[in-house]
Amino acid sequence: MNKYDIIIKPIITEHSMEMVADMKYTFKVAKKATKPEIAKAVEEIFKVKVKCVNTMNYNGKSKRLGARPEGRTADWKKAVVTLKPDSKTIEFFDGMM
C-alpha cells in the first residue's frame, strides 16, 4: 500500500485542534491500514517522529432521502498519531490554529 493511500485526509474539528497542543494529530486512514503502516506513512510524508498511534473503527450510519429505501454511509477508520516531544510539528495543522 502506498503511503498516500494509507493517509486519506486530516480530520479538522474543535476537539482535534485542541489535541494539537499535546502533539496529537488526527487523520482519516485506510480501513485495512495497521498501526505500524500508519506510523511509517506519517513519518515519511511529514518528516516527523511518531511516538504512538491509536486507531478507531467507525460504522457507517443509516441514511434515508424522502421515501427512497434506506442506505448507509461508508465505514471508516480514524487514527490519532502522537508525536515524540523532540519532533517538529506538522505545519499543515499550524495554519489552522
Side-chain angles (χ1 to χ4, degrees):
M1 213 186 279
N2 182 2
K3 60 187 172 188
Y4 295 104
D5 293 335
I6 294 172
I7 306 296
I8 298 173
K9 67 178 185 177
I11 297 176
I12 309 297
T13 61
E14 282 186 44
H15 187 256
S16 67
M17 291 295 102
E18 290 173 2
M19 293 192 321
V20 169
D22 299 329
M23 299 194 75
K24 294 182 180 183
Y25 298 91
T26 310
F27 298 96
K28 182 175 181 180
V29 297
K31 189 87 170 113
K32 294 189 179 197
T34 62
K35 289 181 182 185
E37 290 174 340
I38 295 167
K40 186 177 178 190
V42 170
E43 287 178 346
E44 290 178 4
I45 293 171
F46 298 107
K47 309 288 190 269
V48 294
K49 298 176 188 170
V50 174
K51 180 180 177 184
C52 69
V53 177
N54 296 329
T55 59
M56 290 138 277
N57 288 308
Y58 287 90
N59 294 323
K61 296 180 181 179
S62 297
K63 296 287 182 178
R64 195 179 75 166
L65 182 62
R68 295 185 184 198
E70 191 172 283
R72 291 187 63 79
T73 59
D75 296 345
W76 60 289
K77 188 173 193 177
K78 177 170 90 170
V80 177
V81 179
T82 306
L83 302 182
K84 292 183 179 178
D86 60 335
S87 176
K88 67 177 190 142
T89 60
I90 297 178
E91 291 147 11
F92 174 81
F93 287 91
D94 292 341
M96 302 288 172
M97 302 291 286

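Only a predicted model underlies this, so the values are computations on that prediction, with no experimental measurement involved.
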Straight-line distance of [X] [atom1] to [Y] [atom2], nearest 0.5 Å:
X   : Y   : atom1 : atom2 : result
K24 : H15 : NZ    : NE2   : 8.5 Å
K32 : I6  : NZ    : CD1   : 13.5 Å
K28 : I7  : NZ    : CD1   : 12.5 Å
M1  : I38 : CE    : CD1   : 9.5 Å
K49 : T82 : NZ    : OG1   : 16.0 Å
S16 : K78 : OG    : NZ    : 8.0 Å

Test item: T73 and K63 side chains (from C-beta on) under 4.5 Å apart, heavy atoms
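Counting from C-beta outward, T73 and K63 do come under 4.5 Å.
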All side chain to side chain donor-acceptor pair (under 3.5 Å) counterparts of T89, not counting sequence neighbours:
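Once residues adjacent in sequence are excluded, the partners of T89 under the side chain to side chain donor-acceptor pair (under 3.5 Å) criterion are D94.
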Listed partners of K31 passing side chain to side chain donor-acceptor pair (under 3.5 Å), at least two apart
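In terms of side chain to side chain donor-acceptor pair (under 3.5 Å), with neighbours along the sequence ignored, K31 is linked to N57.
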For [X] against [Y], the heavy-atom pair lying closest together:
X   : Y   : value
S87 : M23 : O-CE, 3.4 Å
A30 : D5  : CB-O, 3.6 Å
V50 : A39 : CG2-O, 3.8 Å

Heavy atoms of other groups near K77 NZ, more than 12 under 6.0 Å:
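Buried by this count: over 12 neighbours within 6.0 Å.
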Residue among V81, V20, V48 satisfying side chain to side chain contact (heavy atoms under 4.5 Å, CB included) with I90:
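Exactly one pass, corresponding to V48.
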Any sub-3.5 Å donor-acceptor pair from E44's side-chain atoms to A41's backbone N or O?
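Pair absent, no side-chain N/O of E44 close to backbone of A41.
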Under 3.5 Å donor-acceptor, R64 side chain and E70 backbone
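Such a contact is absent between R64 side chain and E70 backbone.
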Check this for me, if you would: do K88 and E91 make a salt bridge, where the nitrogen-to-carboxylate-oxygen distance has to be below 4.0 angstrom?
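Salt bridge present between K88 and E91.
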ILVMFWY cluster membership beyond V80 - transitive side-chain contacts under 4.5 angstrom:
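Answer for V80: I11, M19, M56, Y58, W76.
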Determine, using the 4.5 Å side-chain heavy-atom cutoff (strictly less than), whether I8 and F92 are members of one ILVMFWY cluster.
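No, it is not one cluster - the side chains of I8 and F92 are not joined through contacts under 4.5 Å.
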